[in-house]
Amino acid sequence: MKLGIVGGAGLLGSTTAFVLGMRDVVEEIKLVDLNENAAKNQAMDMGQAILPFSATKITAAGYADLGDCEVILVTANASTRQVTDRSERLKDNMGLLGPITKEIKTYCKQDPVVIICANPVDVFTYVGWKLMGSGTGKVIGFSSNDTMRLKWAVSEVKGVDYRDLDGVCIGEHGDSQVRLMDSMTCKGAPVALTEDEKAAVVKLTGDWFREFSGLNVKRSTGWTSGVNLAEMIEVIATDSKRLLPCSAVFSGEFGYDGVACGALCRLGRGGVEEITLPLNASEKAEMDFAVSKIKDQIALVQL
């Protein structure tokens, strides 16, 4: 399988390319960027760096070279600025997605899986799907960092090893996250969280985002996102059918329609193959609120 990365010379695009390249699961990674020299620089350096570990080829490319790519990762974003909420990036990034999807449609004739990273990611996943005109499972939003941070916060609060935890965070990739804390496990056993501990988890994750954004160094979470994106693309490339959290387009599943929202999805070579929502009653109410909020944001976009 071949992967194209739009924004491939940037922090997120290049980090994802490197992590995925080291895994040796795709034939070629093509880096597309407005800064063509930067893309070539990354490809020349990275291509040699992974040689002892992988047969994956890293190349600099243009949109016209993406015709044989089965997956397109869109990491291009407007310049990072300090925000208090991811929805503030709506206006910043709206002007990028239209031209990018137009180029993808022009040159990629085999209906690729498109992974969206621009925030607010749930809104842009839905907008990207509308612009691409492909099947609902073919456009996926990247939001699995929320799950990583949930597990990190629980590990901190409970004093357990992060690697022993299993759990998921869905809903909006933003303030209206739905943290499925009641179904978390540690080494396969249920994790008992008191209400105070749950509140501490929520506070810890919120404080982390505010501190990270407040540093105002105009840098996104390149390492964290690169690791999680590489895992998502590997699942798709190997057609492993694993369940991963991501933003998916709903078309009637669980009563939701006309929206993209974080869910637990079974991923394969064709993209999202199944959407699952393992919710209890209170979590369902939180999910309803998240969906309503995202729909309100989608309504602001002129499609």
Side-chain angles (χ1 to χ4, degrees), residues 12 15-16 19 83-87 117 119-122 140-215 220-232 234-235 240 242-248 254 261-267 275-291 293-294:
L12 180 52
T15 305
T16 303
V19 176
V83 298
T84 57
D85 189 287
R86 293 180 181 90
S87 64
C117 297
N119 281 315
V121 74
D122 302 296
I140 309 170
F142 171 69
S143 59
S144 56
N145 284 355
D146 295 332
T147 290
M148 176 176 271
R149 292 184 189 122
L150 170 63
K151 291 167 62 180
W152 162 75
V154 171
S155 73
E156 292 289 310
V157 170
K158 297 296 289 186
V160 298
D161 193 324
Y162 170 93
R163 295 166 295 180
D164 293 331
L165 289 169
D166 191 18
V168 67
C169 181
I170 57 176
E172 183 202 20
H173 182 54
D175 290 341
S176 298
Q177 297 172 9
V178 183
R179 304 170 179 88
L180 307 187
M181 287 190 266
D182 289 341
S183 57
M184 292 196 72
T185 61
C186 182
K187 294 184 177 180
V191 176
L193 289 160
T194 66
E195 292 305 311
D196 285 345
E197 287 174 329
K198 289 180 181 179
V201 166
V202 173
K203 183 178 186 302
L204 193 57
T205 52
D207 288 349
W208 185 94
F209 179 73
R210 282 186 288 273
E211 181 180 359
F212 187 86
S213 299
L215 296 173
S220 64
T221 54
W223 294 109
T224 306
S225 300
V227 167
N228 288 323
L229 273 167
E231 180 184 26
M232 175 186 287
E234 180 176 358
V235 168
S240 68
R242 281 180 53 200
L243 289 167
L244 287 181
C246 59
S247 185
F254 304 96
C261 191
L264 194 58
C265 299
R266 193 173 306 281
L267 301 181
I275 298 175
T276 66
L277 290 177
L279 304 171
N280 60 32
S282 62
E283 292 162 348
K284 177 63 166 60
E286 291 180 45
M287 187 72 176
D288 289 345
F289 180 83
V291 166
K293 179 179 176 182
I294 296 165

[X] to [Y] - nearest heavy-atom pair and separation:
| X | Y | result |
| --- | --- | --- |
| M232 | L244 | CA-CD1, 3.8 Å |
| C169 | R179 | SG-CG, 3.9 Å |
| G226 | T15 | CA-CG2, 4.1 Å |
| S144 | N228 | OG-CB, 3.4 Å |
| T205 | A153 | CG2-CB, 3.6 Å |
| V202 | M181 | CG2-CE, 4.1 Å |

Find the distance between [atom1] ([X]) and [atom2] ([Y]) and round it off to the nearest 0.5 Å.
| X | Y | atom1 | atom2 | result |
| --- | --- | --- | --- | --- |
| D161 | K151 | CG | NZ | 10.5 Å |
| W152 | L204 | CH2 | CG | 3.5 Å |
| K158 | D164 | NZ | CG | 14.0 Å |
| L150 | M184 | CG | CE | 4.5 Å |
| E172 | D146 | CD | CG | 9.0 Å |
| R266 | S240 | CZ | OG | 9.5 Å |

Assess whether a salt bridge exists between K198 and D182, defined as any Lys/Arg side-chain N lying under 4.0 Å from an Asp/Glu carboxylate O.
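So K198 pairs with D182 through a salt bridge.
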
Test V168 against L243 for side chain to side chain contact (heavy atoms under 4.5 Å, CB included), laying out the working first.
CA-CA 10 Å; V168 67; L243 289 167; over 6 Å; no

Mark yes when over 12 heavy atoms from residues, nucleotides or ligands other than W208 sit less than 6.0 Å from its CH2; otherwise mark no.
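More than 12 within 6.0 Å, yes.
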
Evaluate whether atom OH of Y162 has more than 12 neighbouring non-hydrogen atoms of other residues, nucleotides or ligands under 6.0 angstrom away.
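Yes, the 6.0 Å shell around OH holds more than 12 heavy atoms from other groups.
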
Pick one: which of N145, T16, T224 meets side chain to side chain contact (heavy atoms under 4.5 Å, CB included) with L229?
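Exactly one candidate clears the test, T16.
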
Partner of L180 under side chain to side chain contact (heavy atoms under 4.5 Å, CB included), chosen from L277, N280, I170:
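Among the candidates, only I170 passes.
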
Report the C-alpha separation of Q177 and S143 in whole Å, then their side-chain angles, then the decisive distance to 0.1 Å, and conclude whether the side chain to side chain contact (heavy atoms under 4.5 Å, CB included) test is met.
CA-CA 10 Å; Q177 297 172 9; S143 59; over 6 Å; no

When you compare the side chain of K293 with that of D175, does any pair of heavy atoms fall below 4.5 Å?
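Result yes, sub-4.5 Å side-chain heavy-atom pair found.
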
Please confirm whether the backbone N or O of G188 pairs with a side-chain atom of D166, one donor and one acceptor, at under 3.5 Å?
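Checked: no pair found.
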
